[in-house]
Structures are given as C-alpha cells and as structure tokens.
Amino acid sequence: MSTIEIMAHLVMGFPRKEATTESARALADRGVRILELQIPFSDPTADGPVNTRACETSLREGFRVAHAGEYIRSVQEMGFTEVHVMTYANIPFRFGFDRYLRTMKDLGVTGVIVPDLPIEDDEGFYASAGIIGIDALPVAVPNMGASRIKLMQGMNPNRIYAALREGVTGRSTGITDDAKQFLTSLAGPKIYAGFGISSAEQVSDLKGYAYAAVIGSHITRAIASGPDWYDQVSRAIEQCMPDT
Amino acid sequence: MGKYFGSYGGQYVGEVLKPALGELEQAMTDIIPSGEFQREYQYLLKHFAGRPTPLCFAENLTKMMGGAKIYIKLEGMAQTGAHKINNALGQVLLAKYMGKTHVIAETGAGQHGVATAAAAAKLGLECTVFMGAVDVKRQQPNVFLMKQFGAEVSTVQEGSRTLKDAVNAALKQWVEDSSRTSYVLGSALGPYPYPDLVRTFQEVIGRETRSQILEAEGTLPQQVVACCGGGSNAVGIFSAFLDDPVSLTAVEAGGRGTGRGEHAQRMSGQGEMGIIEGYKSFFLQDEEGQVLHTHSISAGLDYPGIGPQLAYLGETGRVKFTRADDRQALDAYQLLARKEGLLCALESAHAAAVTLTLASDMDKKEIIIMNMSGRGEKDLFITARELYWEQWQQFLLQEAKG
Ligand SMILES: Cc1ncc(COP(=O)(O)O)c(C=O)c1O
C-alpha cells in the first residue's frame with residue numbers, strides 16, 4: 001500500500017504570531033512532516049476568501065515581510081522535514097528575486113511557490129532558483145493543456161504544486177478520475193496536490209497519485225474558529241489523517 | 001502590439017487563468033478585425049452610444065485664460081455618461097461573438113459597471129458586476145442604475161473593499177466559470193491582452209478628436225490633456241497623437257495631500273515598480289511590496305496601479321505626468337459649469353484644472369485639447385455635499401422622512 005505525506009499550509013501571523021507557532025506545533029505533534037508557510041500579501045489573487053481574509057488580518061495586525069525569517073526559523077526547530085514558502089510575485093520582486101531565493105535557501109527552506117509567476121512570465125525565477133540551488137515549485141492545473149504541461153516538464157522540476165480544482169483555494173474537491181489522470185500526466189517530480197482538501201477520504205484517494213496532499217483553508221478555518229489554536233488545528237488535521 | 005510595453009505589462013497570473021486569457025487573445029486577433037464584428041460595433045457606437053462625440057471650442061474659458069485656444073472633447077455625451085461605454089460595448093460584443101452568455105465586470109465608481117450593464121442589456125447577455133462594499137455604500141445611485149439594466153451587483157467584502165478587491169473577485173469568478181463567462185475589464189490595465197484590448201476600443205476617442213481638430217482649425221494641437229486612473233481615456237485620446245509633435249499630459253489624483261494613502265499619484269508621486277494583479281507597472285506600495293490605500297475625491301482615479309502602456313510612455317517621457325488635487329478639481333468643475341455650461345465628471349475635472357493652467361502659459365495661436373472623459377451628474381452626491389452642504393443635507397433628510 002502506498003503512503004502519502006501531508007503538507008499543511010499556514011498563513012504567517014494569522015491572526016498573530018503565536019497562532020502560527022502553536023498551530024505548527026500541533027501539526028508536528030500529529031506527525032505532519034511538511035509545512036507550507038504563506039507570506040501574507042495585500043492582493044492574494046489565487047487565494048479564496050478564507051486565506052484572503054487571513055492575509056488581510058495578519059497584515060492589519062502588523063505582520064511585516066521582514067518577520068518571515070523568524071517564522072521560518074521558529075518552525076524549523078519543530079522537526080519538519082520540509083518547509084516551503086509561498087507568496088505572491090510582488091513580495092520577492094520588491095525584495096529582489098535572486099536575493100529572495102538566496103535568503104530562502106540560507107534559511108534552509110526546501111521550496112518556494114509563487115503562483116502568479118507562471119512559466120514564461122516568470123522573470124527568470126525558475127532558472128535562477130536552479131542556479132541558486134533551491135526548488136521553485138511551478139503550479140500545474142487540470143485545464144492547462146498538454147503543451148503547457150510539456151513546457152513545465154521541460155524545466156525538469158524536482159517538485160510540482162498541483163491545484164486540483166480549476167479556481168481558487170478553499171472549496172471542497174472530489175478526487176475525480178479526471179484529477180487522477182491529470183496527476184498521472186505530471187509523472188516524475190514529487191507532486192504536492194491540493195486545493196479544497198478537508199477529509200481523510202480525499203487524502204487517501206490521492207495515494208499513489210501525489211507525494212503529498214496539501215491542507216490549506218481547512219486549517220485556516222480551524223485557526224479562525226477560536227483562540228485555542230493548538231487544539232483546533234489538532235482536530236482539523238486529525239480529520240485529514242487516513243490512518244486515524 | 002505585444003505582451004510588453006518596454007518592461008511593463010506581461011501576464012503574471014495563476015496558471016488557471018492562462019487558458020481563458022489565451023482564448024480572449026485569440027478572439028481579439030480573429031474576431032475584432034472581421035468585417036462583421038466591425039460593422040456591428042460601429043453601428044452600436046453610432047446609434048446606441050451616440051458617437052461621434054463633439055469637440056467643443058471653449059470660447060469663454062479661452063478668453064478668460066488669455067492663452068491657447070481650449071477645446072474640450074465631450075466624451076461625457078456618450079451613452080451612460082463616460083468614455084467607458086466604448087470599451088464596454090466592444091468587450092460585451094466580443095463576448096457575444098465568442099459564444100458567451102454571461103459577462104462579469106469590476107467597478108469602482110460604478111461607471112464601468114453601469115456601462116457594462118447597459119451594453120449587456122442591449123446585447124442580451126447576463127451581467128454580474130463586482131463592487132467593493134465601501135464603493136457600494138458611497139455609490140448607491142450607480143448600484144441602482146446597474147440593477148435597472150438587469151445586472152446583478154455582487155458586493156466584495158475582502159481587502160480594502162474597493163476597486164482593486166473588486167478586480168480580484170471578478171478574476172476569481174472568471175476562473176470558476178470561463179466556459180460560459182467573459183470578463184469585461186474596465187481600464188487599460190491587468191494581464192495581457194487587456195491593456196491592448198481596452199486601448200483598441202478607446203482609440204476611437206483619439207481618432208475622432210484628431211479629425212475634428214483638423215476640420216475646425218486645419219492644424220494639430222500643441223497639447224492634449226487627459227485624467228488618468230487606470231489610463232483608458234488617456235491612452236484612448238493620446239493614441240492618435242503619439243507620432244505627432246503634440247505634447248501629451250496625463251493628470252493623476254493629488255487627493256488631499258502628499259502623505260501615504262492621501263492621493264493616487266503613481267507616476268507623479270511615490271509609485272514604485274511592481275507586479276500586481278497580473279501586470280508589471282507602477283503601483284503605490286510600501287517598501288515590502290504591500291499595496292497602499294489611495295484617496296481621491298473622484299472614485300475613478302482612486303486606484304493604486306496604472307496601465308502598463310502609460311507607465312512606459314511616462315518612462316520614455318512621451319507622456320508627461322502631473323497632478324491636480326481634490327480642491328483644484330472641484331474649482332475646475334465649477335468653472336466649467338459657469339463659463340461653458342458643461343458639467344464635468346470629477347475625474348475629468350482633474351484634467352480641466354491642469355488644462356487651464358497650461359493654456360494660460362501658451363501662445364494665443366496655440367491649441368490645447370482636454371478630454372472630458374465623463375459628465376458630472378453621476379457625482380451629484382459628492383459635489384453637492386462639498387459645495388452645497390446645508391441645503392443638500394436638509395433635502396436628504398426630508399427625502400428620507402418620506
Ligand atoms: C469619467 C471617468 N473618467 C476617468 C476615469 C478613470 O479611468 P481611466 O483612467 O481608465 O480613463 C473613470 C473611471 O471610472 C471615469 O468614470
């Protein structure tokens with residue numbers, strides 16, 4: 001029987017710093033080994049309402065991009081095997097793409113995800129990442145068509161972020177045969193498949209098709225539901241664990 | 001033109017949007033130049049939108065300023081009261097030719113929403129307009145008008161709940177349903193092909209103006225002035241003069257001050273290059289790249305980004321950028337009303353303020369043209385509040401009592 005990892009997604013600083021660290025601790029304690037941290041941006045075009053509001057709250061409560069390093073370091077002590085950082089193009093653009101990639105690499109980040117830097121309009125981001133020695137995960141979607149999949153495979157990525165639903169994050173996804181076929185067509189790299197995953201059944205369904213299932217809005221909703229972040233996130237992630 | 005203007009423009013969008021943008025690009029090159037589309041579009045511009053709009057000699061203002069001859073292009077005479085209808089009709093018609101049954105649009109002040117709703121009603125498509133909650137609250141008259149045209153108005157509660165958030169919400173809705181739906185963007189910005197598409201439909205302003213001034217004066221003007229939000233009316237009128245020895249000036253909103261969040265000066269102020277909402281251009285943003293709030297008395301200029309073609313034309317120096325603040329716009333609005341019998345939209349009043357200053361420094365033999373992108377009735381609730389508060393307040397209270 002094949003296995004599958006879980007990649008849990010946290011919006012940094014939502015609703016404040018301790019929420020992120022306590023949530024991360026809950027995830028680590030429940031055996032989650034991969035974490036995706038999102039640097040909040042004012043105009044998160046690929047996020048659904050749940051994560052959009054989380055970004056907004058975090059920024060309103062004083063999150064600064066300059067704090068990102070602290071967040072990354074604080075979760076790294078918790079024993080995650082991979083930490084990925086996701087944000088929107090303008091954040092690394094203002095910071096300087098190469099400087100961003102180098103900083104992330106120096107922090108020990110495994111991969112970076114920037115959904116509004118599609119291949120060809122990426123300002124050389126994916127190539128620079130290769131040179132600097134950090135994985136930049138391109139985003140694949142089911143409606144992208146064979147020619148763009150080919151283009152993506154031509155870059156030989158080690159990892160791909162696959163968005164299963166056409167659309168934005170946060171709504172429930174059935175792992176359909178079409179989705180499975182799509183994931184199969186990406187064959188090769190490690191696939192992190194997500195968007196709308198909130199149940200153990202969905203995670204189970206992805207076994208054999210993806211290296212990791214991404215749980216995003218489901219966790220953000222749990223964090224938003226009250227002040228007991230550790231317990232809320234523990235319960236939320238348990239709902240997504242196939243073996244419990 | 002291509003995807004980029006110099007280093008500005010591009011298509012920085014999530015992979016999910018690529019197919020829909022590709023389909024639109026294809027339609028732009030295949031359908032728009034076709035005889036059938038052009039015949040129908042030109043017919044609508046003439047018999048529905050009311051084109052050509054007049055180019056009016058402002059004799060009284062010319063005398064008063066004592067400088068160049070002032071001409072005013074009356075885009076506000078077009079159906080629904082602004083240049084926005086040129087683009088809305090074009091894009092809704094294109095959607096119809098593409099076999100779509102539904103259009104969506106974002107709106108700030110409501111002008112583009114009203115224009116799209118009217119065009120959709122005329123052409124028989126369903127219409128949903130996304131509008132930030134803050135804008136819905138302050139622009140109720142336009143919300144009402146959109147609903148009269150049968151459009152659904154969807155209130156956006158995310159972010160600053162203004163125009164940029166409405167753009168985000170519309171893009172997301174488009175992703176959900178692009179097989180049936182087309183997204184009608186309201187200004188010459190956003191991911192490729194929108195800057196090209198919108199300019200294509202707004203170039204009519206410049207084409208008409210050029211031939212009208214040649215007919216009236218037998219010569220080209222020395223100056224053309226337009227207000228600049230996203231930049232569609234400016235790029236529309238400038239496009240016909242780019243290769244001529246004509247100075248082009250774009251006027252941004254100086255708002256109520258030079259501090260953060262008090263204005264919308266991307267080019268004449270503290271804008272910085274960024275990649276936001278699908279395109280690379282100048283944006284009002286903080287050091288870390290977060291988008292800043294903006295302010296202008298005119299809702300249509302109150303936007304943190306500027307279209308990539310204008311950013312490029314600004315960088316090369318072909319278009320000069322300057323500002324007019326809230327007060328100067330209001331003064332110009334009143335002056336145009338008293339001296340020329342023209343009620344100018346507050347957006348266009350920014351162009352008017354700068355036009356008057358420029359005109360007074362020019363020679364009597366010279367010509368300056370300003371684009372009056374819209375008419376002022378839509379701003380009644382803002383202008384009356386600013387200029388006629390006591391009586392207006394009494395009137396509102398009395399009306400509310402019923
Ligand atoms: C009358 C009028 N002028 C100007 C604008 C600004 O848009 P743009 O810069 O795209 O012409 C608007 C936008 O709503 C408008 O309604």
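Lettering of chains follows the sequences in order, A, B, ..., and the numbering in each one begins at 1. The structure displayed is predicted, hence computed values, not measured ones.
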Are the side chain of [X] and the backbone N or O of [Y] linked by a donor-acceptor pair below 3.5 Å?
X	Y	result
Glu56(A)	Glu158(B)	no
Asn90(A)	Ile276(B)	no
Glu15(B)	Ala140(A)	no

What's the shortest heavy-atom distance between [X] and [Y], and which atoms?
X	Y	answer
Glu287(B)	Arg94(A)	O-NH2, 3.8 Å
Lys18(B)	Arg148(A)	CE-NH2, 3.8 Å
Phe93(A)	Met273(B)	CE2-O, 3.5 Å
Asn143(A)	Val16(B)	ND2-O, 3.4 Å
Thr52(A)	Lys172(B)	OG1-NZ, 3.4 Å
Tyr12(B)	Pro118(A)	CA-CD, 4.1 Å

Atom pair [atom1]/[atom2] of [X] and [Y] - distance to nearest 0.5 Å:
X	Y	atom1	atom2	value
Ser42(A)	Glu288(B)	OG	CD	11.0 Å
Gln11(B)	Glu120(A)	CD	CD	9.0 Å
Ile275(B)	Asp43(A)	CD1	CG	13.5 Å

Are more than 12 heavy atoms, taken from residues, nucleotides or ligands other than [X], located less than 6.0 Å from that residue's [atom1] atom?
X	atom1	result
Tyr211(A)	OH	yes
Gln181(A)	CD	no
Arg16(A)	CZ	no
His293(B)	NE2	no

Between Gln285(B), Glu277(B), Glu272(B), which residue shows the highest count of heavy-atom pairs closer than 4.5 Å to chain A?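 Of the options given, most contacts go to Gln285(B).
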
Checking Asp121(A) against Tyr4(B): is there a side-chain donor and acceptor pair closer than 3.5 Å? yes

Portion of Pro40(A) that has a non-hydrogen atom of chain B nearer than 4.5 angstrom: backbone

Chain A heavy atoms under 4.5 Å from Gln173(B): which part of the residue, side chain, backbone, both or neither?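 Contact with chain A: none, neither part.
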
What part of Asp177(B) gets closer than 4.5 Å to chain A, counting heavy atoms only: side chain, backbone, both or neither? neither

